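Report on the structure given below.
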Amino acid sequence: MALGCQFSITRILISMQTASVRQVLGGDIAAGSTVIVQGWVRTRRDSKAGFSFIHLNDGSCFGNLQLVAPRDLANYEDEILKLTSGASLRCQGTVVESKGRGQSLEIQASSIEILGLVDDPDTYPIQPKQHSFEFLRTVAHLRPRTNTFGAVTRVRHAAARAIHEFFDQNGYYWVNTPIITASDAEGAGQMFRVSTLDMMNLPRTDSGQVDFGEDFFGRETFLTVSGQLNVEAFCLAMSKVYTFGPTFRAENSNTTRHLAEFWMVEPELAFADLKDLATLAEDFLKFVFARVLERCGDDMAFFAERIEPEAISRLEGLVDSEFVRMDYAEAVKILQASGQKFEYKPEWGVDLQTEHERYLTEKHCKAPVVVMNYPTEIKAFYMRLNDGGDTVAALDVLAPGIGEIIGGSQREERLDVLTRRMAEHGLDAETYKWFVDLRRYGSVPHAGFGLGFERLLNYITGLGNIRDVIPYPRTPGNAPF
RNA sequence: UCCCCGGUAGCUCAGCUGGUUAGAGCGGGUGACUGUUAAUCACUAGGUCGGCGGUUCGAAUCCGUCCCGGGGAGCCA
């Protein structure tokens, strides 16, 4: 009772005092109401008729709120006329129907409190004009104030929320797998070392090796390259689980689709085979796309207008269509029969090149393609061996313009096969003992995939560079901010 | 890591077959004008042409090298 009262009083106070730009523009605040709005100036235009127009953005939505500041405000001459792009303010005023075109509602300001002017407006980097993404990366602390990055931030949030929602509705548990790990999992790539040893004065063993027994964990440790192995243990108890968190690869990859630190989603599903996994991947992507379209209309409209004309239509089309599924062997045949000149000849036993993936998704199918059952030689040890042993039950979901967006497999659940394959790959049995245990105690068929969250965002927004869909990109030789 | 391309004003770029004082648009400042919409018009300030070395009477321009960035490839998500 007491709590309920307090809650409603707080709500009333908030609604009377402050409103977000989204609330005002969305019509949540009745015309005639007095509100306080707060945010950052996008542009200011002065009218000699006796007022200034200020476009205000607070990140709550794509649009800007127009404030009309009359000349009779006490601080009009000294302060209002000094407002430039980037300045912050708090405005009290009345929500009114706009007398101008271009917006239906605006704020007739009764007072404007300047919170922070822009020091040296001449050099403020964010101007009301188009900037190159390359430049904006050099001012990563200010780029959230741009239309594009604001939209990216909202879409990123909406996509993350949709991912959790999808799994929750389908009975999956979010499992927080460790970021620090001792296994160099899957040999999936170079890892970042985690250590508290004094690098200027390393402890040595008798044989002259670095003595990691002296290190914080008493052994060598790294940042995780995948939560998959750890989450499999939970899969074989909770049935349906997923991870969603940061992942680290110390690869010297300099491309538009690689980061040293990125976010990955890894569902793992028990009592499932490769086909179940392909269905999951498809349902999952469609759900996320539909939710983003539903909740980020303005932002998506902006991407469609300025970044990628197909941004909305291709997502809509995808939500309503079925993904193309084909075996790797079939994909190779299609490529060989395509008549296309490839730099690398498509050939069974060799992994698909970027140019091959592009042909399949952009020319042949014009849609996302699920390629399944890859040659054993080119895939990881934990993927389930198909009958005959030539292929494993692996799948990649390839998206037009992005390439591989999802990579997954049915896992090898048979103890004897797994241990044999680990030996073939020269893996340390001791390190993976716990992982093998899962096949020893109540093993079941299971499958899972990994989805690069930023790659998903690239596909959704149409932005071409993965560095423009993560707040602070980390790439080789580049970790400012 | 490899292959291409680039680095000129706060930003986006032009100038680059070597030749006086390096230009434009936007942004900033000043003024005019207007219920304005990335407003418009006029004036104005603003540059070690990425660093170093070389060729030359003379280098933003040519050569070497280093640094930084972008695109493509490989690896992958």
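In this text, all values refer to a predicted model and were calculated from it rather than measured experimentally. Each chain gets a letter, A, B and so on, in the order its sequence line appears, and its residues count up from 1.
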Could you list the residues that satisfy side-chain contact (heavy atoms from CB on, under 4.5 Å) with A:Phe192, not counting sequence neighbours?
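Only A:Leu223, A:Phe248, A:Ala250, A:Ala260 meet the side-chain contact (heavy atoms from CB on, under 4.5 Å) criterion with A:Phe192.
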So, with a heavy-atom separation below 4.0 Å from RNA chain B, the residues of residues 89-103 of chain A are A:Ser98, A:Lys99, A:Gly100, A:Arg101, A:Gln103
Near RNA chain B, counting only heavy atoms under 4.0 Å, which residues of residues 41-73 of chain A show up?
A:Thr43, A:Arg45, A:Asp46, A:Ser47, A:Lys48, A:Ala49, A:Phe51, A:Phe53, A:His55, A:Gln66, A:Val68
Does a side-chain N or O from [X] land closer than 4.0 Å to OP1 or OP2 of [N], or not?
X	N	result
A:Arg137	B:rG70	yes
A:Thr354	B:rG74	yes
A:Asn254	B:rG71	no

Output all residues satisfying ring pair (Phe, Tyr, Trp, His ring centres under 6.0 Å) with [X], sequence neighbours left out; order by chain, then residue number.
X	result
A:Phe167	A:Tyr172, A:Tyr242, A:Phe284
A:Phe133	none
A:Phe303	none
A:Phe149	none

Distance check needed: [N] [atom2] versus [X] [atom1], whole Å only.
X	N	atom1	atom2	answer
A:Arg257	B:rC75	CZ	C1'	10 Å
A:Leu285	B:rA77	CG	C1'	13 Å
A:Leu457	B:rA77	CG	P	17 Å

By nearest atom, which of the nucleotides B:rC76, B:rG74, B:rG28 is closest to the A:Gln353 side chain?
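Out of B:rC76, B:rG74, B:rG28, the nucleotide with an atom closest to A:Gln353's side chain is B:rG74.
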For A:Ser226 and A:Glu266, which I'm curious about, is there any donor-acceptor pair between the side chains at under 3.5 Å?
yes
Distance-only donor-acceptor check, side chains A:Thr391 and A:Asn386, under 3.5 Å:
yes
Watson-Crick or G-U wobble partner of B:rC76, both distances under 3.5 Å
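Paired with no nucleotide.
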Across all strands, who's sitting opposite B:rG69 as a Watson-Crick or G-U wobble pair, both distances under 3.5 Å?
B:rC5
Could you list all N or O pairs between the protein and nucleotides 49-52 of chain B that sit under 3.5 Å apart?
none

By the ring pair (Phe, Tyr, Trp, His ring centres under 6.0 Å) test, which pairs, at least two apart or in different chains, include something from residues 78-121 of chain A?
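For residues 78-121 of chain A, and leaving out neighbouring residues, there are no ring pair (Phe, Tyr, Trp, His ring centres under 6.0 Å) pairs at all.
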Out of [options], which one pairs with [X] under the side-chain contact (heavy atoms from CB on, under 4.5 Å) rule?
X	options	value
A:Val265	A:Thr247, A:Val288, A:Ile163	A:Ile163
A:Leu395	A:Asp327, A:Asn373, A:Ile406	A:Ile406
A:Glu404	A:Leu398, A:Leu451, A:Val371	A:Leu398

Please tabulate, for the side chains in residues 62-73 of chain A, all donor-acceptor contacts under 3.5 angstrom to protein atoms that are two or more places apart in sequence or on a different chain.
from, atom 1, to, atom 2, distance (Å)
A:Asn64, OD1, A:Asn57, ND2, 2.9
A:Gln66, OE1, A:His55, NE2, 2.9
A:Gln66, NE2, A:Glu106, OE1, 3.0

Identify the pairs formed between an N or O of the protein and an N or O of nucleotides 8-12 of chain B at a distance under 3.5 Å, and give each distance.
from, atom 1, to, atom 2, distance (Å)
B:rG10, N2, A:Gln127, OE1, 2.6
B:rG10, N2, A:Gln127, NE2, 2.6
B:rG10, N3, A:Gln127, NE2, 2.9
B:rC11, O2, A:Lys129, NZ, 2.5
B:rU12, OP1, A:Ser132, OG, 2.8
B:rU12, O4', A:Lys129, NZ, 3.4

If you look only at pairs with a residue in residues 150-159 of chain A, which of them pass as a salt bridge (Lys or Arg N to Asp or Glu O under 4.0 Å), with sequence neighbours excluded?
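Counting only pairs at least two positions apart or across chains, the salt bridge (Lys or Arg N to Asp or Glu O under 4.0 Å) contacts touching residues 150-159 of chain A are A:Arg154-A:Asp299, A:Arg156-A:Glu454.
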Would A:Arg314 and A:Tyr459 count as a cation-pi pair here, with the cationic atom under 6.0 angstrom from the ring centre and within 45° of the axis?
yes
